[in-house]
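To start, the structure under review is shown below, and the notes come after it.
Atoms within each ligand, like the ligands themselves, are counted from 1 in listed order. Values below: all heavy atoms of this structure, side chains included; hydrogens, waters and symmetry mates excluded. We count residues from 1, following the sequence as given.
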Amino acid sequence: MNFLEVLLAAAVCNKTGKAIISRQFVEMTRSRIEGLLAAFPKLMGSGKQHTFVETESVRYVYQPLEKLFMLLITTKASNILEDLETLRLFARVIPEYCRNLEESDIVDQAFPLIFAFDEIVALGYRENVNLAQIRTFTEMESHEEQVFKSVRETQEKEAKEHMRKKAKELQQQRREAAKGGRGIRRDTAVMDHTPMETPKPSYTAPASKPTSTGKALRLGKVIGSNSSTSSTISKATTPVIDQEGVHIVIEEKISVTANRDGGLQNLEVHGLVKVKINDEQYGKIHVAFENNDKRGIQLQVTELKEAVANHDRIMTHPNVDKKLFQSSSVIGLKHPDKPFPLNQDVGVLKWRYQSKDESAMPLLINCWPNETGQGCDVNIEYELEQDDLELNDVCITIPLPSGVGGPVVSDCDGEYNIDSRKNILQWNLPVIDSSNKSGSMEFSINGHADDFFPVNVSFVSKKSYCDLKILEARQINGGAVKYSSEVLFYVDKYEIV
Ligand SMILES: *[C@@H]1O[C@H](CO)[C@@H](O)[C@H](O)[C@H]1NC(C)=O
Ligand SMILES: *[C@@H]1O[C@H](CO)[C@@H](O)[C@H](O)[C@H]1NC(C)=O
Ligand SMILES: *[C@@H]1O[C@H](CO)[C@@H](O)[C@H](O)[C@H]1NC(C)=O
Ligand SMILES: *[C@@H]1O[C@H](CO)[C@@H](O)[C@H](O)[C@H]1NC(C)=O
């Protein structure tokens, strides 16, 4: 029996059985879920550790969490031992987000919790989902994230210290190698190969209606707080373009911390696809994608974060058809009769990619200051590492020592300007692509090697990092639909430290 076929809903209730949040995993009317939840307190025994009750149609398994209950509703066909196992996993997620296990905490954290619940279901508990994985796949906005961050920062600091020691010896070697015309070298890349995934089959124009077994996971309604949600991705300044009846946005942001002497501390890419229907007649559509990713990035069907919040704590998500996407890279709603909501950005796909492999960096930067005795000669090079990318408005920012006068620039591809108030040198490259992949600049100034770090990089790109392309938008019962689209790949943080 498949987990997804037997788990009906997951809820957090108070002692009287009132649902604070509830996530339905199968198609269910609101009155049905409210009825099921309302029946629970009457059925619930008193005081035992986690236990269960059954009615003619369903089973409730629940576990006390101080003043609250974690409650799962399953079909009676499911395996009770597995239900209890699943229950424990759900119950362990709650304190990850809510310190005090109070009703108000649950309301505050309703969205992160719902997404964490979805991850448990999406990943499938049979694959031994653990909390770390759930955290990785959800937004990590809890208090735990702060703890996690500070631990990571400490580790990064230690790593930096270590690398700095090595840097001294490597610098000399590298400089000589470069002088020998070998260009950028990579010495200490930490290899961390992410397993390859066989490419997904491309769109095979489905017949007028999507296959629907009625048993797959459906993203049902959420009963939750209507408090503000945080979106997956911060809004980047997007150019205003004329939108068609269907507008599709592929948005990715990258965060990189690389070492000055080679090697990558961390690279992370977050991606999101949003669909917006501007014209009512195109509400019922399928959007086909071509996924050319070679890194094994897991694209996950997601739901509306900026969802339709109405005023009675019920949120309606469009039910994105997960199976359809998995089988044919097509995004559509589970229910062919239900349209996408009008005039709303609907997040339909998300992904997150992390690597410590230097070859995953879009742009390699090497900055080699050489202390000469009279000052410092600084040589900086960049090289496009991903040939299929085209980076625009690249700006490489190098800090300068203060109070020593301006740098003397001896050689520079592209343009530069010096901001003497901020003590930075900005090196601007309008376009870096495979036809013009690398460049360098050299300047001299009084200072020490450490003065020129961290070097920061920013760029925007009209090509997505994970190489996801839109093939077409098509009405479910009709022809191709004209759509407008934007691809925006941009830098959140890109530091050479
Ligand atoms: C929910 O929305 C209503 C109406 O907009 C508002 O009055 C109420 O404060 C909101 N509740 C929360 C928890 O944000
Ligand atoms: C660094 O500067 C010193 C002193 O000017 C010079 O002798 C040496 O060749 C330079 N090293 C490199 C790698 O350019
Ligand atoms: C390559 O890019 C550099 C930096 O933007 C620019 O100065 C140079 O003219 C470009 N070369 C060609 C052949 O386009
Ligand atoms: C480089 O970026 C970091 C964080 O992204 C920021 O704190 C720092 O001020 C930036 N440095 C420069 C010289 O822009």
Side-chain angles (χ1 to χ4, degrees), residues 145-146 149-150 152-157 159-160 163-164 183-184 233-237 252-260 264-270 354 361-369 376 378-404 406-407 409-443 445-463 489-497:
E145 191 195 0
Q146 297 312 318
K149 264 190 189 153
S150 62
R152 195 170 64 186
E153 272 162 21
T154 311
Q155 287 169 344
E156 279 174 6
K157 261 188 209 137
K160 242 184 258 179
M163 295 316 284
R164 230 167 237 159
I184 290 182
I233 290 201
S234 63
K235 305 276 178 293
T237 43
E252 278 174 319
K253 67 173 178 183
I254 187 168
S255 173
V256 169
T257 307
N259 298 315
R260 65 181 72 170
L264 184 56
Q265 288 183 20
N266 197 36
L267 174 146
E268 228 172 280
V269 176
H270 288 250
Q354 194 182 18
M361 288 169 73
L363 193 67
L364 290 178
I365 304 287
N366 265 313
C367 178
W368 308 321
C376 217
V378 184
N379 175 284
I380 307 175
E381 294 184 3
Y382 64 81
E383 185 178 335
L384 186 71
E385 182 69 10
Q386 312 278 320
D387 270 5
D388 54 341
L389 282 176
E390 179 184 315
L391 308 180
N392 300 104
D393 300 333
V394 181
C395 179
I396 300 173
T397 305
I398 304 126
L400 297 175
S402 59
V404 294
V409 177
S410 49
D411 185 19
C412 181
D413 293 318
E415 309 264 295
Y416 71 92
N417 62 279
I418 290 152
D419 186 328
S420 52
R421 198 175 48 82
K422 292 187 186 155
N423 289 310
I424 53 174
L425 188 154
Q426 287 180 314
W427 183 18
N428 300 308
L429 298 317
V431 184
I432 300 177
D433 63 14
S434 59
S435 73
N436 194 359
K437 297 171 63 152
S438 59
S440 66
M441 85 171 291
E442 244 179 280
F443 64 87
I445 190 170
N446 259 320
H448 301 285
D450 277 351
D451 294 337
F452 308 100
F453 297 94
V455 173
N456 284 358
V457 182
S458 66
F459 58 78
V460 291
S461 175
K462 297 267 159 235
K463 284 188 182 170
F489 168 41
Y490 64 95
V491 171
D492 184 35
K493 180 179 106 169
Y494 205 117
E495 283 188 300
I496 318 313
V497 297

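- Ligand 4 has no N or O atom lying under 3.5 Å from any N or O atom of Lys493, backbone or side chain.
- Summarising the geometry of Met361 relative to Glu385, their closest heavy-atom pair is O-CB, 2.9 Å, with the distance given to 0.1 Å.
- Below 4.0 Å from some heavy atom of Glu495 lie the following atoms of ligand 4, by number and element: 2 (O), 3 (C), 4 (C).
- In this view, Glu495 and Lys493 satisfy the salt bridge (charged side-chain N to carboxylate O under 4.0 Å, His left out) rule, not counting sequence neighbours.
- Cys412 and Trp427 make their closest contact through SG-NE1, 3.6 Å (heavy atoms, listed as atom of the first residue, atom of the second, distance).
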Would you mind listing each N/O atom of ligand 3 next to any protein N/O under 3.5 Å, plus the distance?
unit_1	atom_1	unit_2	atom_2	d
ligand 3	2 (O)	Asn436	ND2	2.3
ligand 3	7 (O)	Gly414	N	3.2
ligand 3	11 (N)	Asn436	ND2	2.8
ligand 3	14 (O)	Asn436	ND2	3.3

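- With sequence neighbours excluded, the residues forming a side-chain hydrogen bond (donor to acceptor under 3.5 Å, both in side chains) with Asn417 are Gln426, Asn428, listed by chain and number.
- Contact annotation for Lys422 and ligand 4: no heavy atom of the residue comes within less than 4.0 Å of the ligand.
- A pairwise comparison of heavy atoms in Gly406 and Ile445 identifies C-CD1, 4.1 Å as the closest pair.
- Atom NZ of Lys422 is surrounded by 12 or fewer heavy atoms from other residues, nucleotides or ligands within 6.0 Å.
- Listed by chain and number, the residues in a side-chain contact (heavy atoms from CB on, under 4.5 Å) with Val455 are Ile365, Cys367, Ile396, Ile398, Phe453, Ile496 (sequence neighbours excluded).
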